[in-house]
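Since the structure is predicted, the reported quantities are computational estimates derived from the model, not experimental observations.
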Amino acid sequence: MNTDIIDKAIAVATDAHKGQTRKGSNLPYIVHPMEAMSIVATESEDQEMLAAAALHDVVEDTGITMDELRALFGDRVADLVGADSNPPHREGDTWYSRKQEAIDRLAAASRDAQMVAMGDKLSNLRSIANDYTKHGDDLWKRFKAPKGKADLAWYYSGLAKALSPLAATAAHKEFVDLLEKTFINTKA
């Protein structure tokens, strides 16, 4: 099996995220894209999907542009990354409008794009669930959601619905389980 595109994606993502850490921790940021890629790998061996999972945050969180990504990895990888990337903030956007736009975009995305997004979102939800067991309700202060936990519950519930075409996958089942344990079956 030729893994050149994955090897290149890992190298580009590692370099792009150098010096970044995960929100609320000292964990190197690259751990998140690698976990997202690992989640995608449970459902697909598609090299471009795995590369997109490794690269899913480089346009949103680093200096790499979509045009640069497209030149380095081609249209499909760039399109998969684009489906999971938030557009730049526009004047008048609210937290809710941006999150609803993301939910709507993923609901309309291809199955491959949804799987890449599932890798990202499940990795994030795993971190939230883990951090919630450590920090309790203080965790919600680290997010920009206006109403903290309630807003995040709304957002992640919307993602679960948007990504419901993946309901038969282990990743979606874990996502729904963590959603319920973290947001629904806990005190507000």
Side-chain angles (χ1 to χ4, degrees), residues 9-40 50 52-66 69 80-90 93-103 105-106 113-160 162-163 171-172 174-188:
I10 291 169
V12 168
T14 300
D15 187 55
H17 291 296
K18 189 173 186 170
Q20 294 178 345
T21 57
R22 287 288 277 168
K23 186 182 292 188
S25 80
N26 290 319
L27 193 64
Y29 193 85
I30 193 62
V31 171
H32 167 61
M34 295 301 97
E35 181 178 25
M37 185 176 69
S38 176
I39 292 165
V40 173
L50 297 173
L55 296 161
H56 77 270
D57 275 337
V58 298
V59 172
E60 201 172 309
D61 294 340
T62 76
I64 294 177
T65 67
M66 188 58 77
L69 192 68
L80 291 169
V81 169
D84 190 34
S85 296
N86 292 321
H89 292 273
R90 298 174 301 251
D93 279 353
T94 65
W95 183 90
Y96 301 103
S97 66
R98 290 191 316 275
K99 296 305 181 186
Q100 186 62 57
E101 184 178 342
I103 291 167
R105 186 177 58 255
L106 289 176
Q114 287 182 340
M115 195 62 231
V116 170
M118 176 56 75
D120 171 27
K121 306 314 183 198
L122 177 54
S123 175
N124 287 337
L125 192 51
R126 283 176 177 174
S127 291
I128 290 170
N130 183 54
D131 288 351
Y132 185 66
T133 63
K134 293 177 185 174
H135 304 289
D137 287 331
D138 284 343
L139 169 69
W140 312 120
K141 295 174 187 172
R142 90 171 54 147
F143 296 95
K144 295 177 183 174
K147 295 180 185 171
K149 183 179 180 179
D151 287 342
L152 290 167
W154 166 81
Y155 173 59
Y156 278 93
S157 294
L159 289 172
L163 299 172
H172 193 275
E174 181 183 352
F175 188 90
V176 170
D177 183 56
L178 286 173
L179 172 66
E180 291 174 359
K181 287 178 180 173
T182 306
F183 294 108
I184 298 167
N185 296 327
T186 62
K187 294 180 181 177

Do [X] and [Y] have side-chain heavy atoms sitting under 4.5 Å apart?
X      : Y      : result
Thr62  : Asp15  : no
Phe175 : Leu159 : yes
Leu163 : His172 : yes
Asp151 : Lys99  : no
Arg90  : Glu101 : yes

Residue pair Gly119 / Val40: nearest heavy atoms and the distance that separates them |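 So the minimum-distance heavy-atom pair works out to CA-CG2, 4.2 Å.
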
Is it the case that the side chain of [X] and the backbone of [Y] share a donor-acceptor pair, with hydrogens and angles ignored and the cut-off at 3.5 Å?
X      : Y      : value
Gln20  : Ile30  : no
Thr14  : Ile10  : yes
Thr133 : Asn130 : yes
Ser97  : Asp93  : no
Ser38  : Met34  : no

Below 4.0 angstrom, N of the basic side chain to O of the carboxylate: do Asp131 and Arg142 qualify?
-> yes

How would you list all residue pairs meeting salt bridge (charged side-chain N to carboxylate O under 4.0 Å, His left out) that involve residues 16-35, not counting sequence neighbours?
-> Glu35-Arg126

Roughly how far, to the nearest 0.5 Å, is the CG atom of Asp84 from the CZ atom of Arg105?
->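 That separation rounds to 7.5 Å.
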
Spacing of NZ belonging to Lys147 relative to CH2 belonging to Trp95, to within rounding of 0.5 Å | 10.5 Å

Partner of Phe183 by ring-ring contact (aromatic ring centres under 6.0 Å, His included), out of Trp140, Tyr132, Trp154, Tyr155 = Trp140

Please identify each residue that fulfils ring-ring contact (aromatic ring centres under 6.0 Å, His included) with Tyr29, with sequence neighbours left out.
->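 With sequence neighbours excluded, Tyr29 shows a ring-ring contact (aromatic ring centres under 6.0 Å, His included) to His17, His32, given in chain and number order.
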
Under the side-chain hydrogen bond (donor to acceptor under 3.5 Å, both in side chains) rule, collect the residues that match up with Lys141, sequence neighbours excluded.
->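 side-chain hydrogen bond (donor to acceptor under 3.5 Å, both in side chains) check on Lys141 returns Asp138.
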
